[in-house]
2 protein chains.
Amino acid sequence: MAKEGLFNVRASDGGELRLSRASVGRFSLYLRHLEGVLGEGAAKVSSGQLGEALGITDAQVRKDLAYLGSLGQPGIGYSTQELIDAIRRLLGIDRCWPVALVGVGNLGRALLGYRGFAQRGFRVVALFDTDPTKIGQVIDELTICNVEQMPAVIAATGAELGVIAVPCAAAQMVADALIRAGIRGLLNFAPVVLRTPAEVRLVSVDLTVQLEQLAFLVHTQAPESPDTR
Amino acid sequence: MAKEGLFNVRASDGGELRLSRASVGRFSLYLRHLEGVLGEGAAKVSSGQLGEALGITDAQVRKDLAYLGSLGQPGIGYSTQELIDAIRRLLGIDRCWPVALVGVGNLGRALLGYRGFAQRGFRVVALFDTDPTKIGQVIDELTICNVEQMPAVIAATGAELGVIAVPCAAAQMVADALIRAGIRGLLNFAPVVLRTPAEVRLVSVDLTVQLEQLAFLVHTQAPESPDTR
DNA sequence: GGATGTGAACGACTTCACAGCG
DNA sequence: CGCTGTGAAGTCGTTCACATCC
């Protein structure tokens, strides 16, 4: 009932590009690794080196990078910096994304303090919680607001993405409120399947599911280790 | 260079079964939903209802559930309880998994307090940190130990799985230590690609990658919302 | 009628293999 | 010679469609 598929992206040359879902996930990993090797002074990388580092084949890497245009030089490799810039553009993280965080428990605080977010241009600009005792507290110069204030606060701060880090009983209600307030994408950590209108994007991360995957792998002694996600 | 693939599982009838990676991820979601509907008193479910709830097709659900054996009754559906039991057996979570948690920062604490873990039989039995000021602190009746004590503590507690919630600079070192101490599977939250021997299972969760996926989806206004993973 | 289980068709993703370029 | 870019082949995963059974 839900159709999987390819993404249509405006390519750098202005044309349309069909991008597979699986590649999108890998671009984040390429980016992370490329920023690392650039810091070590490597101005060039080859598909073989990248594949080695991420545990995938060199052919796969070349297929992915070909989406960015013809950035590679035969016999030489790719310019690290050029790849980084192109991937950031493709993923849409060549700019700042203002984020609203709902649920300032341990998980929320962990996300708030997470370096990786800021480094990639994600900036938490608003905090919300449903617990009345937390309303009004200030963390990192941000005041925790209640859900009723959401439309006003989100309009004022310009938050476009929402992170849901509340217990699962409250998750759908929080999602609905965020959507009413005009948020365009949700990152959900609550272990429930959220119902959202088609125009709101949703990514869910369920920590229990990940642990269960691991238990399954250990339990069955499966042949190969899986990749990140 | 790493081959992806199917898992060989000992089926309930004793035979070998080939199980796709993708299905494994969905079994956790089925389980979560089934426990919910069982709590509401639904003794039977159909593939259509399950698919509707998780946003996938009924055919997909039937294909997945067929891995469990022929539990369905044509015209009736599946017994909720039977499915729950069979999925728990398949995933290997029909027993308790002792877990060692490394890194007692915000994320570590969030995981420690996470209800879902305990409910599914994952029990944190050992805590470690690299920060000397935290060593010796007691949380939830567990004393935070340092990495040197790892072999002894893990042997004493019987921990089989390790959760890595340390900054990425320390992650590989922690992984190596856990592996030396005899751990069989790792759940990694640090944004690096860990190197592990083939017999140790690895699942990685990179929160930045998830946010970047979301940014990409919003950025491109892709047609359909993705599912959990 | 209503729902399962499953071969066959379809579509997506990965790997192969090699032409072509620096 | 080394490495990229890409058609072709192969593998994996999902959906269709329908025989089958309660």
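Below, read A as the first sequence line, B as the second, and so on, with proteins coming before strands; counting in each chain starts at 1. Nothing here was measured: the structure is a model prediction, and the numbers come from that model.
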Pairs under 3.5 angstrom, nitrogen or oxygen only, protein versus nucleotides 17-20 of chain D, please.
| residue | atom | partner | partner atom | Å |
| --- | --- | --- | --- | --- |
| D/dA17 | N6 | B/R62 | NH2 | 3.4 |

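The backbone N or O of B/V218 sits nowhere less than 3.5 Å from a side-chain atom of A/R201 that would complete a donor-acceptor pair. For the pair A/W97 (side chain) and A/V124 (backbone), a donor-acceptor distance under 3.5 Å is absent. At least one donor-acceptor pair closer than 3.5 Å links the side chain of A/Q49 to the backbone N or O of A/S46.
Less than 4.0 Å separates DNA chain D from at least one heavy atom of each of the following residues of residues 75-88 of chain A: A/G75, A/I76, A/G77, A/Y78.
Each of B/R62, B/Q60, B/E52 was scored for a side-chain hydrogen bond (donor to acceptor under 3.5 Å, both in side chains) with B/S47, with one residue passing: B/R62. Among the candidates A/I93, A/L83, A/L65, the single residue satisfying the side chain to side chain contact (heavy atoms under 4.5 Å, CB included) test with A/F27 is A/L65. Of the residues listed (B/R88, B/R89, B/Q81), the one engaging B/D85 in a side-chain hydrogen bond (donor to acceptor under 3.5 Å, both in side chains) is B/Q81, and it is the only one.
Side chains of B/R120 and A/T208: no donor on one and acceptor on the other come within 3.5 Å.
In this structure, A/Y67 places its OH atom 14 Å from P of D/dG5, rounding to the nearest Å. Nucleotide C/dA17 holds its C1' atom 16 Å from the CD atom of A/Q60, rounded to whole Å. Whole-Å rounding puts the A/D58 CG to D/dT4 P distance at 8 Å. Atom CG of B/L50 is separated from atom P of C/dG5 by 12 Å (rounded to the nearest Å). Separating the CD1 atom of A/I56 from the P atom of D/dC12 is a distance of 17 Å, rounded to the nearest angstrom. Taking atom CG of B/D64 as the reference point, atom P of C/dG5 lies 12 Å away to the nearest angstrom. Atom CG of B/L65 is separated from atom C1' of C/dA3 by 13 Å (rounded to the nearest Å). Nucleotide C/dT14 holds its C1' atom 17 Å from the CZ atom of A/R21, rounded to whole Å.
Defining each end axis of the helix from C/dG1-D/dC22 to C/dG22-D/dC1 as the rotation carrying four pairs' C1' atoms onto the next four, with five pairs an end, the two axes are found to diverge by 10° to 10 degrees.
Counting all heavy atoms, side chain and backbone alike, A/G25 lies closest to B/Q213 at CA-NE2, 3.0 Å.
Taking only side-chain atoms of B/A22, from C-beta outward, the nucleotide of C/dT15, D/dT15, D/dT14 with the closest atom is D/dT14. When distances are taken from the side chain of B/S46 to each of C/dA3, D/dT6, D/dG13, the shortest belongs to C/dA3. Checking C/dT4, C/dG5, D/dT15 against every side-chain atom of B/S47, the shortest atom distance belongs to C/dT4.
B/S70 comes within contact range of the sugar-phosphate backbone alone, with a heavy-atom separation under 4.0 Å but no base atom that close. Within 4.0 Å (heavy atoms only), B/L71 reaches sugar-phosphate atoms of the nucleic acid but no base atom.
For C/dT14, the OP1/OP2 oxygens have no side-chain nitrogen or oxygen of A/T57 closer than 4.0 Å. Distances shorter than 4.0 Å separate none of the side-chain N or O atoms of A/Q73 from OP1 or OP2 on D/dT4.
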Could you check B/D206 against B/Q210 for side-chain hydrogen bond (donor to acceptor under 3.5 Å, both in side chains), going step by step and ending with a plain yes or no?
CA-CA 7 Å; B/D206 186 332; B/Q210 307 304 320; over 6 Å; no
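The shortest side-chain heavy-atom distance between B/K44 and B/Q73 falls under the 4.5 Å cut-off.
Residue A/R195 qualifies as enclosed at atom CZ: its count of foreign heavy atoms under 6.0 Å is above 12.
At a cut-off of 3.5 angstrom, counting only N and O atoms as typed in the model, there is a donor on one side and an acceptor on the other between the side-chain of A/K63 and the base of C/dT15.
For A/R95 and A/E160, the salt-bridge test passes: some basic side-chain N is under 4.0 Å from an acidic carboxylate O.
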